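In what follows, a structure is listed as structure tokens, so that the remarks can point back to it.
Because the structure is predicted, anything quoted here is derived from the model rather than measured. Protein chains get the first letters and strands the later ones, always in sequence-line order, with residue 1 at the start of each.
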2 protein chains.
Amino acid sequence: MSVESVLIPFKNQQHNHESCIKSALADAEAACSKAGMRLTKIRRQVFELVWSSHAPVKAYDILAQLHQENPRAAPPTVYRALDFLLSVGLVHRIESLNAYIGCGDPSQPHIGQFLICEACGAVAEMNAQKITRLLRKQAEQLGFKTVNQLVEIRGLCPQCT
Amino acid sequence: MSVESVLIPFKNQQHNHESCIKSALADAEAACSKAGMRLTKIRRQVFELVWSSHAPVKAYDILAQLHQENPRAAPPTVYRALDFLLSVGLVHRIESLNAYIGCGDPSQPHIGQFLICEACGAVAEMNAQKITRLLRKQAEQLGFKTVNQLVEIRGLCPQCT
DNA sequence: GAACAATATGTTATAACATAACGTTTTTTG
DNA sequence: CAAAAAACGTTATGTTATAACATATTGTTC
């Protein structure tokens, strides 16, 4: 058995994060233009702040950062941008943390499964069809029609083990 | 394949909920006395309010109800009771709803998987080892050591389909 | 059962997370 | 360009949760 799809693996500490951001931005531009959506200045700024690390980022932390460049930013500024990014599939929300993280593969909408390191805060994203299918199947056994799935696994990442 | 363990199934609308509550209370008494913990008056009241339906209940709704019997109740009153009930395993928190629901089997701590009906709000609890094991295994493939799992499936329950 | 320790609750204030409502600006489209 | 649509600004407030410290209750030891 193998993990079919790892969208964002755990990175070592020396990885070049600038290139992560750059690549994510390119993907975002592509996804938006394909969908006919506008990646405005604010949305891009919020997107870059979400991507500032591989750990989830909180809305009010984004706001504080954003404030440096845009003194008029207020909570709705950030939440609107996040809602947009979520709707296009460029970021995910980690429910158990009230925080947001960049999506590893915005090229197509998907259900992500998240691995959250309780030591360093890093998050990896899987997209294992095996899990998706099993959950759907087990739910079906109870007569339940699945629309959406939320999987967040907490533990220790390879570096912190 | 079958669902190995359904802790709380979806109930029909005519089911006798009084008996659900009664049975849950008996379980709670047993679990507390076994663990050497005290199910105080406030904790019992909060527990009963959580069990007032098979849909998740919000902390401030509990507070409003509690207030009728106990005018001095404040947010910490409720959150402390909920924290206690969570720690003993008598209730679960539904992360995607910021809400709380009675546990279907407090006799032993467990990881629950929740089915949330988007139409009627009802929640069923599964405890499928197959899911737990698969998630652990897939995480392990990435060098991740699982401590805890969160699974919340959204969709339509049998009655609402 | 008095003294002490531990646990539980009361109380006030505030932190943290999120949205409603309405006005203004910018962009797109015919 | 004018009208419509989309994005953003602004103010206020709703919702969820905890910090910090005081008081009360319960359990334990002698």
Side-chain angles (χ1 to χ4, degrees), chain A residues 28-29 32-50 55-88 90-101 121 150 152, chain B residues 28-29 31-33 35-50 55-88 90-101 121 150 152:
Chain A
E29 304 276 12
C32 284
S33 92
K34 183 179 168 191
M37 306 297 252
R38 289 155 54 196
L39 190 62
T40 63
K41 185 177 177 188
I42 288 178
R43 289 167 178 175
R44 184 198 321 273
Q45 288 173 326
V46 170
F47 182 78
E48 291 186 58
L49 289 167
V50 169
V57 180
K58 305 212 143 218
Y60 274 73
D61 290 343
I62 292 172
L63 177 57
Q65 293 296 314
L66 193 58
H67 222 95
Q68 298 183 359
E69 293 189 57
N70 181 351
R72 297 188 179 177
T77 313
V78 171
Y79 283 105
R80 281 172 188 149
L82 287 172
D83 286 347
F84 170 83
L85 296 170
L86 287 166
S87 74
V88 181
L90 291 173
V91 307
H92 294 290
R93 179 178 155 84
I94 306 294
E95 294 291 342
S96 62
L97 295 173
N98 295 334
Y100 304 83
I101 192 158
L150 168 63
E152 296 176 11
Chain B
E29 303 276 12
C32 285
S33 91
M37 305 299 251
R38 290 154 54 195
L39 190 62
T40 63
K41 185 177 177 188
I42 288 177
R43 289 166 178 175
R44 184 196 322 273
Q45 289 173 325
V46 170
F47 182 77
E48 291 185 59
L49 289 167
V50 170
V57 180
K58 304 212 143 218
Y60 275 74
D61 290 343
I62 292 171
L63 178 56
Q65 293 296 314
L66 193 58
H67 223 95
Q68 299 183 358
E69 293 190 57
N70 181 352
R72 297 188 180 177
T77 313
V78 170
Y79 283 103
R80 281 172 188 150
L82 287 172
D83 286 346
F84 170 84
L85 296 170
L86 286 166
S87 75
V88 180
L90 292 174
V91 307
H92 294 290
R93 179 178 154 83
I94 306 296
E95 295 291 341
S96 62
L97 296 173
N98 295 334
Y100 304 84
I101 192 159
L150 168 62
E152 296 176 13

(request) Could you please name the option among D:dA17, C:dA18, C:dG10 that lies closest to any side-chain atom of B:R72? (result) C:dG10
(request) Give a yes/no answer on whether the side chain of B:K58 brings an N or O atom under 4.0 Å of OP1 or OP2 in D:dT16. (result) yes
(message) Among C:dT11, D:dA17, D:dG9, which nucleotide has an atom closest to any side-chain atom of B:R80?
(response) C:dT11
(message) For C:dA18 and A:Y79 - does any side-chain N or O of the residue sit under 4.0 Å from the phosphate oxygens OP1/OP2?
(response) yes
(request) Enter the distance from B:R72:CZ to B:L66:CG here, rounded to the nearest 0.5 Å. (result) 13.0 Å
(message) Could you measure the distance from the CD1 atom of A:I62 to the OH atom of A:Y79? Nearest 0.5 Å is fine.
(response) 9.0 Å
(message) If I take atom CG from residue A:L39 and atom CD from residue A:Q45, how far apart are they, to the nearest 0.5 angstrom?
(response) 10.5 Å
(message) Less than 4.0 angstrom between a side-chain N/O of A:R43 and OP1 or OP2 of D:dC8, yes or no?
(response) yes
(message) From CG of B:L66 over to P of C:dT11, roughly how many Å is that when rounded to an integer?
(response) 13 Å
(message) Show, in sequence, the C-alpha distance, side-chain angles and deciding distance for B:C32 and B:L90, and conclude whether the side chain to side chain contact (heavy atoms under 4.5 Å, CB included) test is met.
(response) CA-CA 9 Å; B:C32 285; B:L90 292 174; 4.0 Å; yes
(request) Let me know, please, whether B:D83 or B:R38 comes out on the 5' side of the other along DNA chain D by nearest nucleotide. (result) B:D83
(request) Mind calculating the distance between CD1 (A:I42) and P (D:dT10) to the nearest angstrom? (result) 11 Å
(request) Determine whether A:L49 and A:D61 make a side-chain contact, defined as any pair of heavy atoms from C-beta on separated by less than 4.5 Å. (result) no
(message) Could you check whether the side chain of B:Y60 and the base of D:dA17 have a donor-acceptor pair of N or O atoms closer than 3.5 Å, going by distance alone?
(response) yes
(request) Without swapping roles, check the side chain of A:K58 against the backbone of A:Y100 for a donor-acceptor pair under 3.5 Å. (result) no
(message) Under 4.0 Å from OP1 or OP2 of D:dA17: is there any side-chain N or O of B:R93 that close?
(response) yes
(request) State whether B:T40 places a side-chain N or O below 4.0 Å from either non-bridging phosphate oxygen (OP1 or OP2) of C:dT9. (result) yes
(message) Between C1' on D:dC8 and CZ on A:R44, what's the gap in Å once rounded to a whole number?
(response) 16 Å
(request) Let me know the distance between NZ of A:K41 and P of C:dT25, rounded to the nearest Å. (result) 17 Å
(message) In whole Å, I'd like the distance from the CE atom of B:M37 to the P atom of D:dT26.
(response) 17 Å
(request) Look up atom CZ in A:R80 and atom CG in A:L82, then write down how far apart they are to the nearest 0.5 Å. (result) 12.0 Å
(message) Tell me the interatomic distance from A:N70, atom CG, to D:dC8, atom C1', rounded to whole angstroms.
(response) 10 Å
(request) Could you check how far CD of B:E95 sits from P of C:dC17, rounded to whole Å? (result) 13 Å
(message) So if I take every side-chain heavy atom of B:P76 and compare against C:dC17, C:dT12, D:dG9, which nucleotide ends up nearest?
(response) C:dT12
(request) Find the distance B:L86:CG to D:dT18:P and express it as a whole number of Å. (result) 10 Å
(request) Verify side-chain hydrogen bond (donor to acceptor under 3.5 Å, both in side chains) between B:S96 and B:E152, making sure each step is shown before the conclusion. (result) CA-CA 8 Å; B:S96 62; B:E152 296 176 13; 2.6 Å; yes
(request) Take the C1' atoms of the five end pairs on each side of the helix from C:dG1-D:dC30 to C:dG30-D:dC1, derive the two axes, and give their angle rounded to 10 degrees. (result) 30°
